2 protein chains.
Amino acid sequence: MSDNLFEVLAEPKRRTILDALRVKERTVGELVALTSLSQPGVSKHLRILREAGLVSAAKHGQKHLYRLHAQPLTDVDRWLQPYRPLWPDKLDALERYLDEEES
Amino acid sequence: MSDNLFEVLAEPKRRTILDALRVKERTVGELVALTSLSQPGVSKHLRILREAGLVSAAKHGQKHLYRLHAQPLTDVDRWLQPYRPLWPDKLDALERYLDEEES
DNA sequence: CGGAAATATAACCAATGGGTAATATATAGA
DNA sequence: TCTATATATTACCCATTGGTTATATTTCCG
């Protein structure tokens, strides 16, 4: 399966689902409405997200309430870490600007 | 093509290439050695990375020196942003521990 | 100039993935 | 109990992708 977290996140609809769950818990039906996917389509994505540990479901009667678990995203954050000092952020731009002023 | 940065990063060998370029610039031949891919395989990945703005090449004679550009990764960082307050980090764990001490 | 070296592109293939319709399963409610 | 609702799973299809081999292109060097 998708042993790779980046692959899980690569699928746009899955990020849409995560973004939706970030706000609050949702049932599958609600996610279907939010993603304009078929119900099986959403269930398929939810399975992959579950297996990645990014969401979990709680059965409330016939409804399944899905909840976000952000923890695995720390892996992405950690991968990003060594790149952070390399990208030019606004502060760096300001520094360069000031450096040029001096000369 | 791959209009999606996450998709570009989803491929493990591409991350290997980025990680290698993070250390220093490399020629295609060097990357072939580092990735245990065929030369065309590496060139294909490099093209995708180029189109994503993550690397650029400088011709030095017959050799092409590839260099990393971390800037597009800020997009990933920005996507991650709203999730950060949600994942339980070590500090939070410490806080919880201390809270329990009090009671 | 002619061959070797470095890289890119083209052509092709097998595997994967995301989508859907159809079906199974479980629960709510009359 | 029977039907409707909510979700999951299965089966299938088409497009994409990552890999390779073969070929083109450029540059170096004898």
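First the proteins, then the strands, lettered A, B, ... as listed; each starts at 1. All values reported here derive from a predicted model rather than from experimental measurement.
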Rounded to whole angstrom units, what separation is found between the [atom1] atom of [X] and the [atom2] atom of [N]?
| X | N | atom1 | atom2 | result |
| --- | --- | --- | --- | --- |
| Phe6(B) | dT17(D) | CZ | P | 17 Å |
| Glu7(A) | dA15(C) | CD | C1' | 12 Å |
| His64(B) | dT26(D) | NE2 | P | 10 Å |
| Leu31(A) | dT7(D) | CG | P | 9 Å |
| Ile17(B) | dT7(C) | CD1 | C1' | 14 Å |
| Arg47(A) | dG19(C) | CZ | C1' | 16 Å |
| Lys59(B) | dC28(D) | NZ | P | 9 Å |
| Ile48(A) | dG19(C) | CD1 | P | 9 Å |

Side-chain (Thr16(A)) to main-chain (Pro12(A)) donor-acceptor, under 3.5 angstrom: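 A pair under 3.5 Å: yes.
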Looking at CZ of Arg26(B) and CG of Leu31(B), how far apart are the two atoms once the value is rounded to the nearest 0.5 Å?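 Spacing of CZ (Arg26(B)) from CG (Leu31(B)) equals 7.0 Å.
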Both Gly61(B) and Leu37(B) contact DNA chain D. Which one's nearest nucleotide lies toward the 5' end?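 Upstream on the strand: Leu37(B).
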Residue met sooner reading DNA chain D from 5', once Lys44(A) and Gln62(A) are mapped to nucleotides: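 Nearest nucleotide further toward 5': that of Gln62(A).
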Under 4.0 Å between a side-chain N/O of [X] and OP1 or OP2 of [N], yes or no?
| X | N | value |
| --- | --- | --- |
| Arg14(A) | dG18(C) | yes |
| His60(A) | dA6(D) | no |
| Ser38(A) | dT20(C) | yes |

Between the side chains of His69(A) and Ser56(A), does any donor sit under 3.5 Å from an acceptor?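 Yes, Ser56(A) and His69(A) have a side-chain donor paired with an acceptor closer than 3.5 Å.
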Between [options], spot the one nearest the side chain of [X], thanks.
| X | options | result |
| --- | --- | --- |
| Glu11(B) | dG18(D), dT26(D), dT9(C) | dG18(D) |
| Tyr66(B) | dT7(C), dG19(C), dA8(C) | dA8(C) |
| Ser43(B) | dA8(D), dA6(D), dT7(C) | dT7(C) |
| Arg50(B) | dT7(C), dT26(D), dA8(C) | dA8(C) |

I'd like to check Leu54(B) versus Leu9(B) (side-chain heavy atoms, cut-off strictly below 4.5 Å). Are they in contact?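 Side-chain contact under 4.5 Å: yes.
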Any Leu37(B) side-chain heavy atom under 4.5 Å of His45(B) side chain: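 Contact flag for Leu37(B)/His45(B) side chains = yes.
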Checking all strands, does Gly41(B) fall into the base, sugar-phosphate, or nothing category for heavy-atom contacts under 4.0 angstrom?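 Touches a base.
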Pairwise 5' ranking along DNA chain C for Lys13(A) and Pro40(B), keeping only the more 5' one: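 Taking each residue's closest nucleotide, the earlier one in sequence belongs to Pro40(B).
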Can you tell me whether the side chain of Gln39(B) and the base of dA6(C) have a donor-acceptor pair closer than 3.5 Å?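 Between dA6(C) and Gln39(B), which were checked side chain against base, a qualifying N/O pair under 3.5 Å is absent.
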